[in-house]
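Single-structure report; data block below.
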Amino acid sequence: FTLAKGVNKKDTGKVDLQSMVDWFSANKTATPDLKQRAVGATITPAAPEGGYKAGDQVTVALSSLAFSAGEQAPGEVSLSLGDAVLATGTVDPTVIDAGDEVGRSTLTFTVPEGAHGAQLLTVSVAGTGTTAHLPITFAEDGGQPPVFDGETSAKADKVGAGKALVVSGTGFVPGVATTAELRGKKGVTVDLGTVEIAADGTFQVSLTVPKNTQPGKYTLAIVQDGGDEVTVTVHVNRGNK
């Protein structure tokens with residue numbers, strides 16, 4: 001009905017087939033891109049009233065990221081919020097049925113602090129150029145980051161080199177990268193790895209002191225991205241003590 005309302009109609013005198021034959025005669029080869037124009041997406045769990053909050057775990061199940069006739073396989077798929085990459089993963093190209101769901105990937109991310117209001121998640125697939133935008137809502141108070149009020153303690157104030165030290169803490173900001181390190185004299189720093197902060201801001205972790213750590217007095221620091229940290233004093237003994 002809409003086409004019937006058109007004006008200034010023209011007739012080239014060519015049928016579709018002839019137009020296609022003429023195009024190939026002139027261009028020889030057609031090289032279509034591999035972008036997917038329709039991507040399936042399911043976000044779980046469903047957003048709570050008011051939207052997701054900082055620290056919430058959100059999973060995005062994606063499908064229809066690939067063709068099923070032997071085309072170039074898609075590369076890594078990433079999920080971003082603005083300029084921040086929230087999660088990355090691989091695409092499973094297995095053909096499960098005859099539908100349009102080939103190319104699946106499941107990505108899980110932690111809602112970062114500062115995310116608030118209605119936003120768009122961006123899906124990007126390397127190698128094919130496929131992109132998609134997914135609407136998501138974060139709690140309006142998400143713009144106010146949790147307050148750091150960290151406290152930490154070690155189960156013992158002495159540990160042998162090569163042994164584990166149990167450390168716990170409260171008042172940390174969930175969703176923020178956190179590391180542990182020993183600081184000795186003359187700027188010596190011993191990396192003890194990452195610390196996983198629970199949604200309630202607490203942690204308990206067993207940190208292994210490297211065998212080659214020199215004995216002596218150290219400051220154990222639990223450091224969050226952004227500069228917030230808490231310290232406690234520990235003594236490292238020789239590994240045979």
Checklist entry - Salt bridge check: are R183 and E229 linked by an N-O gap of less than 4.0 Å? => result yes
Item to check | Min side-chain heavy-atom separation L107-S105 under 4.5 Å | outcome: yes
Item to check | Note, V173 side chain near E113 side chain (heavy atom, < 4.5 Å) | outcome: yes
Item to check | L34 with L62, same ILVMFWY side-chain cluster at under 4.5 Å | outcome: no
Next on the checklist: Please evaluate residues T59 and T108 with respect to the criterion side chain to side chain donor-acceptor pair (under 3.5 Å), reporting the C-alpha separation (whole Å), side-chain torsions for both, the decisive distance (0.1 Å), and the verdict.
Outcome noted: CA-CA 4 Å; T59 297; T108 298; 2.9 Å; yes
Checklist entry - Checking side chain to side chain contact (heavy atoms under 4.5 Å, CB included) for the pair T44/T42: CA distance, chi angles, key distance, verdict? => result CA-CA 7 Å; T44 56; T42 302; 4.1 Å; yes
Checklist entry - Mind checking whether V60 and T106 have side chains closer than 4.5 Å, heavy atoms only? => result no
Checklist entry - H133 and V123: side chain to side chain contact (heavy atoms under 4.5 Å, CB included), yes or no, with the steps? => result CA-CA 6 Å; H133 299 286; V123 177; over 6 Å; no
Next on the checklist: Using 0.5 Å steps for rounding, measure from the OG1 atom of T122 to the CG atom of L134.
Outcome noted: 8.0 Å
Next on the checklist: Within the structure provided, determine whether I197 and T202 are in side-chain contact (heavy-atom separation under 4.5 Å).
Outcome noted: no
Checklist entry - Looking only at atom types and distance, does a side-chain atom of D33 sit under 3.5 Å from a main-chain N or O of K35, one as donor and one as acceptor? => result yes
Checklist entry - Under 3.5 Å, side chain of Y52 to main-chain N/O of A47, donor-acceptor pair present? => result yes
Item to check | Heavy-atom donor-acceptor pair, Q72 side chain to G127 backbone, under 3.5 Å | outcome: yes
Item to check | Heavy-atom side-chain contact between K158 and N237 under 4.5 Å | outcome: yes
Checklist entry - Hey, is CD on Q18 packed in by over 12 heavy atoms from elsewhere, all under 6.0 Å? => result yes
Checklist entry - Taking it one step at a time, do F172 and D228 satisfy side chain to side chain contact (heavy atoms under 4.5 Å, CB included)? => result CA-CA 9 Å; F172 286 74; D228 290 322; over 6 Å; no
Item to check | Side-chain heavy atoms of T152 within contact of V167, under 4.5 Å | outcome: yes
Checklist entry - If you round to the nearest 0.5 Å, how far is CG of L182 from CG of L220? => result 5.5 Å
Checklist entry - Is it the case that T219 and T231 place a side-chain donor and acceptor less than 3.5 Å from each other? => result no
Checklist entry - Just checking, any donor-acceptor pair under 3.5 angstrom between side chains of S63 and E101? => result yes
Item to check | Close side-chain approach of F109 to L79, heavy-atom, < 4.5 Å | outcome: yes
Item to check | Separation of R104 CZ from D92 CG (nearest 0.5 Å) | outcome: 7.5 Å
Next on the checklist: Are more than 12 heavy atoms, taken from residues, nucleotides or ligands other than E151, located less than 6.0 Å from that residue's CD atom?
Outcome noted: no
Checklist entry - Taking atom types as modelled and ignoring hydrogens, do the side chains of T189 and E181 form a donor-acceptor contact shorter than 3.5 angstrom? => result no
Checklist entry - Between K14 and D22, does a side chain to side chain contact (heavy atoms under 4.5 Å, CB included) hold up when you go through it step by step? => result CA-CA 10 Å; K14 291 183 179 181; D22 290 347; 2.9 Å; yes
Checklist outcome for this item: Of V159, T233, T213, the one forming a side chain to side chain contact (heavy atoms under 4.5 Å, CB included) with Y218 is T213
Checklist outcome for this item: Closest heavy-atom pair, L81 versus A115, reported as atoms and distance to 0.1 Å, is CD2-CB, 4.1 Å
Next on the checklist: Nearest 0.5 Å, please: how far is CG in L165 from CG in L192?
Outcome noted: 8.5 Å
Checklist entry - Say you draw a straight line from OG of S80 to CG of L86; how long is it, rounded to the nearest 0.5 Å? => result 6.5 Å
Checklist entry - Say you draw a straight line from CZ of F203 to OG1 of T170; how long is it, rounded to the nearest 0.5 Å? => result 8.5 Å
